[in-house]
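Take a look at the structure below.
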Protein chains: 2
Amino acid sequence: MSMQRCCPPARVDQAERTADASLFKVLADPHRLTMLATLARAEDEVCVCDFTDALPLEQPTVSHHLKILRDARLVTCERRGTWVYYRIAPDARDRIGAILQSVIPEKVLV
Amino acid sequence: MSMQRCCPPARVDQAERTADASLFKVLADPHRLTMLATLARAEDEVCVCDFTDALPLEQPTVSHHLKILRDARLVTCERRGTWVYYRIAPDARDRIGAILQSVIPEKVLV
DNA sequence: TGGTAATATCGATATATGTCAATGCAACGC
DNA sequence: GCGTTGCATTGACATATATCGATATTACCA
């Protein structure tokens, strides 16, 4: 007897997920998460020097991570004098939440 | 005049974020997101062969990605005969949502 | 104008990651 | 047992990423 198929073929999701994966990639570093958590909890903006002081990273590395967060538009920045101040983007959480919802939709009880 | 400090020093978040970052790393690949999205939408379980058929990846690569999802306990699997069937872990969404909440807490309107 | 301080960028390097061919292993049918 | 099929593992390789020293840039102050 010939082997039967394993099962009715499942529909594999066809949505393009490259951009979503890219955003998760931005989140896939503990120091960037620390930066985001700090910015999310800050009353106001946070100076780059605070990160440089507090994180176990050299200044170019801090700057590198901030650029990745900027490019992903999860944070915004503003220079005042020699200093640069960062804020979390107002829609940062919603953007991540929306992606999570699109990948694993919340089951609503009927 | 001497330059003043940039600002009252901000408290940089001290929580350990390595494990959180690791979970986001698991999500930081478009093919793994496709697998999760497929499993999340499946009525029931999904056979590995469906992924091998539908994704533009060779079988060892599919197996590699599934192992990463397994190790992160975002999916479970069960062998029946020659075939192996995967399911999304029941707490997958909640675990990711909890991390998002811990990094960027939702602002509750007062 | 010249010096200093804060941040960004560049270049180099070590490590991590995605991919696949080759191989191993388990289960099935004959 | 033997061949076949589905999936996992291994090993190799190319690319991506985190990190840092060196340097550039910008703004301030004397």
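Numbers restart at 1 for each chain; the letters A, B, ... are given by sequence-line order, proteins then strands. This one's a predicted model, so the numbers in the text were calculated from it and none came from an experiment.
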Verdict with supporting geometry, A:R80 and A:E45, salt bridge (charged side-chain N to carboxylate O under 4.0 Å, His left out)
CA-CA 12 Å; A:R80 278 203 307 284; A:E45 52 201 4; 2.4 Å; yes

I'd like to know whether B:D44 forms a salt bridge (charged side-chain N to carboxylate O under 4.0 Å, His left out) with B:R87, so could you lay out the CA-CA distance, the side-chain angles of the two residues, the decisive distance to 0.1 Å, and finally the verdict.
CA-CA 7 Å; B:D44 203 11; B:R87 292 175 189 272; 2.9 Å; yes

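Shown here are the salt bridge (Lys or Arg N to Asp or Glu O under 4.0 Å) partners of B:D29, two or more places apart in sequence or in another chain: there are none. Residues forming a side-chain contact (heavy atoms from CB on, under 4.5 Å) with A:D94 (at least two apart in sequence, or on another chain): none. Among residues two or more places apart in sequence or in another chain, the side chain to side chain donor-acceptor pair (under 3.5 Å) test is passed with B:Q14 by none.
Residue A:Q59 places a side-chain atom within donor-acceptor reach of the base of C:dA8, judged by atom type and a 3.5 Å distance cut-off alone.
Residue B:F51 is out of contact with every strand shown, counting any heavy-atom pair closer than 4.0 Å.
Minimum atom distance to the side chain of A:T82 is reached by C:dA6, of the listed D:dG21, D:dC7, C:dA6. Checked against D:dT17, C:dA8, D:dC7, the side chain of A:K25 finds its nearest nucleotide in D:dT17.
Taking atom CH2 on A:W83 and atom C1' on C:dA6, their separation rounds to 8 Å, with Å as the unit. Rounded to whole Å, atom C1' of C:dG18 lies 14 Å from atom CG of B:L55.
Between D:dA8 and B:Y86, a contact under 4.0 Å exists linking OP1 or OP2 to a side-chain N or O.
A:I88 contributes atom CD1, which lies 4.0 Å from atom CD1 of B:I104 (distance to the nearest 0.5 angstrom).
Sorted by first and then second residue, the salt bridge (charged side-chain N to carboxylate O under 4.0 Å, His left out) pairs with a member in residues 30-40 of chain B form an empty list; sequence neighbours excluded.
Heavy-atom distances under 4.0 Å link DNA chain C to no residue of residues 29-36 of chain A. For the segment residues 60-70 of chain B, the set of residues with a heavy atom within less than 4.0 Å of an atom of DNA chain C comprises B:P60, B:T61, B:H64, B:H65, B:I68, in numerical order.
B:H31 and B:H65 have tilted rings, their planes meeting at an angle from 30° to 60° on a 0 to 90° scale.
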